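Throughout, a chain's letter reflects where its sequence line sits, starting with A, and its residues are numbered from 1. Please read these numbers as outputs of a predicted model, since none were measured by experiment.
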2 protein chains.
Amino acid sequence: MPVERVRRRIPEATVARLPVYLRILVEQANLEVENISSEGLAELAGVNAAKVRKDLSYLGSYGTRGVGYEVAFLVYQIRRELGLTHDWPVVIVGAGNLGQALAGYGGFGERGFPVAGVVDIDPAKLDSVIGGVRVRHIDDLGQIVQSRQVSIGVVATPPAAAQDAADRLVRAGVTSILNFAPVVLGVPHGVSVRKVDLAVELQILSYYEQRRVGVGFHAIGSNDSGRGASA
Amino acid sequence: MPVERVRRRIPEATVARLPVYLRILVEQANLEVENISSEGLAELAGVNAAKVRKDLSYLGSYGTRGVGYEVAFLVYQIRRELGLTHDWPVVIVGAGNLGQALAGYGGFGERGFPVAGVVDIDPAKLDSVIGGVRVRHIDDLGQIVQSRQVSIGVVATPPAAAQDAADRLVRAGVTSILNFAPVVLGVPHGVSVRKVDLAVELQILSYYEQRRVGVGFHAIGSNDSGRGASA
DNA sequence: CTGACTTTGTGAACGTGTGCACATGTGCCT
DNA sequence: AGGCACATGTGCACACGTTCACAAAGTCAG
Ligand SMILES: NC(=O)c1ccc[n+]([C@@H]2O[C@H](COP(=O)([O-])OP(=O)(O)OC[C@H]3O[C@@H](n4cnc5c(N)ncnc54)[C@H](O)[C@@H]3O)[C@@H](O)[C@H]2O)c1
Ligand SMILES: NC(=O)c1ccc[n+]([C@@H]2O[C@H](COP(=O)([O-])OP(=O)(O)OC[C@H]3O[C@@H](n4cnc5c(N)ncnc54)[C@H](O)[C@@H]3O)[C@@H](O)[C@H]2O)c1
């Protein structure tokens with residue numbers, strides 16, 4: 001009886017690396033590379049080969065022993081697993097310094113995250129056009145989210161307004177938030193939040209920089225794959 | 001014999017949280033709060049109270065049982081541990097969309113990371129002034145790094161130029177790099193790299209968003225402290 | 001068809017991080 | 001002075017993540 005296969009849960013750490021593999025694989029596909037070994041992919045991603053194999057094994061056994069992985073097929077599988085088979089329109093709250101840079105950046109649309117809207121509370125910002133999108137009033141948020149089926153919101157307001165922005169996003173129906181303001185957002189169950197805090201990143205670098213007194217190197221991880229080696 | 005106490009190694013995960021505690025503690029200090037309990041701090045930071053205590057215990061036993069931690073003193077200790085007792089000037093490579101937003105953002109200087117310089121390779125970008133800093137040619141990088149004692153560099157160039165930017169930073173003497181380009185940078189031993197990849201963040205959100213079919217919530221961690229609860 | 005070679009997929013050992021639970025220390029109130 | 005309430009600091013068990021090492025599975029040349 002072909003019961004729909006139960007979705008394996010993929011470890012958090014693996015989920016964070018899959019996008020990196022995906023980017024590299026797409027690049028390789030553009031270079032007409034047809035197959036890639038775990039070692040080759042590991043090299044390009046700056047990680048251990050065993051880690052690559054274990055990560056990919058969560059998707060299923062899609063490699064061929066003695067050969068490696070078929071690039072195009074892996075791209076397809078990772079896309080599917082990450083939910084990138086369709087676009088995820090994004091709405092940006094806050095059309096300041098950062099909001100404008102984000103909205104004007106073409107890289108998101110290319111990767112399946114088109115900017116469905118940019119909203120701001122400041123009347124002076126309204127109706128300017130950034131990256132082909134007109135800045136609208138924050139009261140239009142609900143309408144934008146509904147009509148464009150937005151489920152991801154980006155908070156790019158000053159820290160003091162970030163919780164308000166998040167509340168409005170949630171009320172409008174958004175269920176995932178990427179937060180650039182240096183504050184901890186409170187959200188209801190059922191809503192995911194990821195934060196990007198640049199000052200924190202610099203402070204972490206500062207910590208290792210400070211310790212680097214006479215001593216050698218540090219590979220830094222956590223967020224990502226820091227690494228030493230080569231040049 | 002007062003031998004200089006051997007520096008305890010602080011776990012990576014703790015180092016990543018200390019800046020968050022620090023920000024909250026500074027806020028509390030501004031609100032004239034004198035003492036704070038691990039529970040209170042945990043609440044504000046969106047983490048477990050035991051974790052807060054363990055994290056702080058790596059700095060030493062600076063709490064008072066029955067009372068909590070003295071805010072001002074903790075601020076001092078965390079600053080010291082993170083190496084924030086003095087400023088860390090930063091040089092930004094790439095004066096595009098993002099580089100301009102970063103350079104124009106006052107928040108870094110406030111937190112001890114003044115922008116010592118912004119460089120670009122495109123003659124058209126030269127001599128424009130962003131956030132009080134004039135954009136200079138990338139050939140001036142060495143001079144800027146030397147004269148301002150810069151040890152942290154920010155890469156905000158297109159992906160194709162990122163490795164070149166990193167190489168130049170390293171050659172100029174920079175030993176920590178914050179990379180915004182979606183590529184894996186190769187650097188020599190002794191150089192730390194952290195990367196911020198916004199597309200990756202969105203793709204991680206996409207993964208959890210996709211799975212949210214009927215099911216409840218997800219707290220997302222890794223980078224940070226995602227969280228569920230309240231509104 | 002055989003055998004040498006390549007590379008995957010994964011069991012198992014290890015290391016790191018988390019969170020409970022509680023003994024221990026501190027301040028306050030009577 | 002003594003007792004009580006409170007909050008820290010940490011031992012311990014468990015969960016999660018990483019890496020090694022190797023059998024199994026496949027390729028390819030002759
Ligand atoms: N610019 C950077 O490079 C940078 C770097 C790190 C962090 N950040 C953080 O990103 C956030 C935005 O930074 P920025 O430099 O763009 O700030 P900004 O002041 O330039 O822009 C903030 C925008 O948000 C709008 N806004 C204010 N309250 C709002 C509300 N309630 N609803 C909707 N919009 C509202 C403002 O009108 C303004 O246009 C801040 O929290 C900042 O700390 C920015
Ligand atoms: N803008 C965003 O919101 C955003 C978001 C996510 C990621 N990024 C990434 O950040 C990076 C910068 O993005 P952007 O939008 O600012 O791009 P951009 O094209 O606007 O700016 C890039 C700048 O780098 C300069 N440059 C090119 N080669 C250089 C070199 N070898 N040395 C020094 N400078 C050089 C260019 O002259 C240009 O001014 C890209 O890698 C992009 O993928 C940007």
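Side chains of A:Arg212 and B:Ser192 form a contact here, defined as non-hydrogen atoms less than 4.5 Å apart.
Applying the 3.5 Å distance criterion, the base of C:dT26 shares no donor-acceptor pair with the side chain of B:Arg65.
When the P atom of D:dG9 is taken as reference, atom CG of B:Leu41 falls 12 Å away, rounded to whole Å. Across the protein-nucleic acid pair, B:Asp55 atom CG and D:dT10 atom P stand 13 Å apart, rounded to whole Å. We find that CD of A:Glu12 is positioned 13 Å from C1' of D:dA15, with the value rounded to whole Å. The distance between atom NZ of B:Lys51 and atom P of D:dA15, rounded to the nearest whole Å, is 16 Å. Whole-Å rounding puts the A:Lys54 NZ to D:dT19 C1' distance at 9 Å. Separating the OH atom of A:Tyr62 from the C1' atom of D:dA25 is a distance of 18 Å, rounded to the nearest angstrom. One interatomic measurement links the two molecules: OH of B:Tyr69 to C1' of C:dG25, which rounds to 13 Å at whole-angstrom precision. Between B:Glu70 atom CD and C:dT26 atom C1' the separation is 15 Å, expressed in whole Å.
For the 3.5 Å distance criterion, the side chains of A:Tyr207 and A:Arg211 qualify, holding a donor opposite an acceptor.
Judged by closest nucleotide on DNA chain D, B:Leu56 is the one of B:Leu56 and A:Asn48 placed further toward the 5' end. Nearer the 5' end of DNA chain C, as judged by each residue's closest nucleotide, is the contact made by B:Tyr58, out of B:Tyr58 and B:Arg53. The residue among A:Gly66 and A:Ser57 whose nearest nucleotide of DNA chain C lies closer to the 5′ end is A:Gly66.
For the residue pair A:Val47 and A:Tyr21, the shortest heavy atom distance occurs at CG2-OH, 4.0 Å.
Residues from residues 22-40 of chain A that place a heavy atom under 4.0 Å from any atom of DNA chain C, listed by number: A:Ser37, A:Ser38.
When heavy atoms are screened at a 4.0 angstrom cut-off, A:Ala13 is found touching the sugar-phosphate backbone but no base atom.
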Donor-acceptor pairs under 3.5 angstrom involving side-chain atoms of residues 83-92 of chain A: please list them, not counting sequence neighbours.
| residue | atom | partner | partner atom | Å |
| --- | --- | --- | --- | --- |
| A:Trp88 | NE1 | A:Gly83 | O | 2.7 |
| A:Trp88 | NE1 | B:Ser206 | OG | 3.0 |

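Qualifying salt bridge (charged side-chain N to carboxylate O under 4.0 Å, His left out) partners for A:Glu27, counting only residues two or more places apart in sequence or in other chains: A:Arg23.
Here A:Asp164 pairs with A:Arg168 in a salt bridge; the nearest charged N to carboxylate O distance falls below 4.0 Å.
Not one side-chain nitrogen or oxygen of B:Arg9 sits closer than 4.0 Å to the OP1 or OP2 atom of C:dG15.
Between the CG atom of B:Leu56 and the CZ atom of B:Arg17 there is a distance of 10.0 Å, given to the nearest 0.5 Å.
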